[in-house]
2 protein chains.
Amino acid sequence: MPRPVMKKLRQQQLIDATLVSVERHGLQHTTINTISGFAGMSSGIISHYFGGKQGLIEATLRYLIDELKQALLIRTSGKTLSPAVRLSMIVEANFTELQRSEAVAKTWLSFWAQAMHDPGLARFQHINNQRLYSNLLFSFKQLLPATDAMNAAKQSAAMIDGFWLRSALSSTPEEDFKQAQILSKAFIKALIAQHGEN
Amino acid sequence: MPRPVMKKLRQQQLIDATLVSVERHGLQHTTINTISGFAGMSSGIISHYFGGKQGLIEATLRYLIDELKQALLIRTSGKTLSPAVRLSMIVEANFTELQRSEAVAKTWLSFWAQAMHDPGLARFQHINNQRLYSNLLFSFKQLLPATDAMNAAKQSAAMIDGFWLRSALSSTPEEDFKQAQILSKAFIKALIAQHGEN
DNA sequence: TATTGTTGATTGAACGTTCAATTAACAGCT
DNA sequence: AGCTGTTAATTGAACGTTCAATCAACAATA
């Protein structure tokens, strides 16, 4: 069992177990015992690989943010997309299978709440929020005047996050996530079409 | 001090103290001792008036939801407003001084996160989310065809919640809340104007 | 005095961290 | 190949802390 470089593997297993635990028990009732239990390991391993519970929590958030980043990169990097299509890709990246999953939805929400009191987590959240805005702004700028582009990016970012939040809290998340994606794209499409009319 | 009045007074003092404690320490680090400390009372009083910590937490959420409800009622009840003006009132009610305060913002976020695992809180959240949608839908229906009205209400609700969330998490909440209100109203105005053109 | 309102020390459970002990893989040596 | 020393990987019991709840005692009012 030991020898090979288990570090990367074990760390990912513990991050996965953290997501499962948060899904089942919520972040509040997630303990090193629930996590290590889902991972099939002992509690001590968490401190060994992450320096403590807090370290694992932060690593899990970093993982989620990175997955979100990758979701967009996969859809755009290398390709030459029109601004309108790229905006669609941004919407889709924010509503991937992973992002819709209960485990991830609950984890994001818990982290948002905790980020307001934890400067370490707050930094990550801020970067993540800014990225959505920047990504949107980049494409809108190619379609609208600068000021309009900024407002469009702000409104779109808010609508995407708001739809995501309301869908996650909904009693029918599946359906709501699907509609959220359609209505987000429709809004962006309308913004672009509107400009041509003036 | 008169007896019957004491109950209501003490309960509100404890709810206020809960909001202060959540602002300072976060819900996670809010204990019956931090709350009773801010209220200038002893810890035992919480169990006496709310049956326990959880009872006080739920009462605090009920208070916030009720304040939100009242904010709209004050702006609309008795008056005869055009649908467009009433939509503006709905936006304003969601960005009142109270809702923008750090204490309330942090509390809402914490509750949202906890509501995903606590059926009792989830019920309140669901009612609250539904209310914003219903309020918007009511006015949109007087301006747009039924299907368009539903989509408009969903998009507006998402944008309002999204702006609120991003503003609360922002490093410059003051400024962002102000812009959020302006851009939310602008979106609704555009929705209405758009319809006339077709 | 009786009733209501309030205190705060105490209790016991839950939790994160630590660390000595154990296990398993590998390298070097014969 | 077989043995041995070494190190990485992992365990889990023990410890100290935190916290919600309890309740016996005290205070204020009627």
Give a yes/no answer on whether the side chain of Tyr49(B) brings an N or O atom under 4.0 Å of OP1 or OP2 in dT6(C). yes

Using links of under 4.5 Å between side-chain heavy atoms of ILVMFWY residues, direct or through other members, which residues join Tyr133(A) in one cluster? Leu137(A), Met150(A)

Give the table of side-chain donor-acceptor pairs shorter than 3.5 Å for residues 98-112 of chain B, with sequence neighbours excluded, one pair per line with atom names and distance.
from      : atom 1 : to        : atom 2 : distance (Å)
Gln99(B)  : OE1    : Trp108(B) : NE1    : 2.9
Arg100(B) : NH1    : Phe95(B)  : O      : 3.2
Arg100(B) : NH1    : Gln181(B) : OE1    : 3.4
Ser101(B) : OG     : Leu98(B)  : O      : 2.8
Ser101(B) : OG     : Val104(B) : N      : 3.3
Glu102(B) : OE2    : Lys106(B) : NZ     : 3.4
Lys106(B) : NZ     : Glu23(B)  : O      : 3.0
Thr107(B) : OG1    : Ala103(B) : O      : 2.5
Ser110(B) : OG     : Lys106(B) : O      : 2.9
Trp112(B) : NE1    : Gln125(B) : OE1    : 2.9

Which residues satisfy the side chain to side chain donor-acceptor pair (under 3.5 Å) test with Arg75(A), sequence neighbours excluded? none

Contact list for DNA chain C against residues 56-64 of chain A - heavy-atom distance below 4.0 Å: none

Treating primed atoms plus P, OP1 and OP2 as sugar-phosphate and everything else as base, which nucleotides of nucleotides 11-21 of chain D get B, S or - for protein heavy atoms under 4.0 Å? BB------SBB

Interatomic distance, CD1@Ile46(A) vs CD@Gln11(A), rounded to 0.5 Å, equals 12.0 Å

Could you pull out every donor-acceptor pair under 3.5 Å between side chains of residues 159-171 of chain B and any protein atom, sequence neighbours left out?
from      : atom 1 : to        : atom 2 : distance (Å)
Asp161(B) : OD2    : Arg166(A) : NH1    : 2.5
Arg166(B) : NH1    : Asp161(A) : OD2    : 2.5
Arg166(B) : NH2    : Asn129(A) : O      : 2.6
Ser167(B) : OG     : Phe163(B) : O      : 2.7
Ser167(B) : OG     : Asp176(B) : O      : 3.4
Ser170(B) : OG     : Thr172(B) : N      : 2.7
Ser170(B) : OG     : Thr172(B) : O      : 3.4
Ser170(B) : OG     : Thr172(B) : OG1    : 3.4
Ser170(B) : OG     : Asp176(B) : OD2    : 2.9
Ser171(B) : OG     : His126(A) : NE2    : 3.3

Tell me every residue that passes side chain to side chain donor-acceptor pair (under 3.5 Å) with Thr34(B), counting only those two or more places apart in sequence or in another chain. Ser21(B)

Test of understanding: with side chain to side chain donor-acceptor pair (under 3.5 Å), list the residues that count as partners of Gln12(B), not counting sequence neighbours. Asp16(B)

Can you sort out the partners of Lys185(B) under salt bridge (Lys or Arg N to Asp or Glu O under 4.0 Å), two or more places apart, ordered by chain and number? Glu92(B)

Quick one: Leu9(A) CG to dA8(D) P, roughly how many Å, whole number? 18 Å

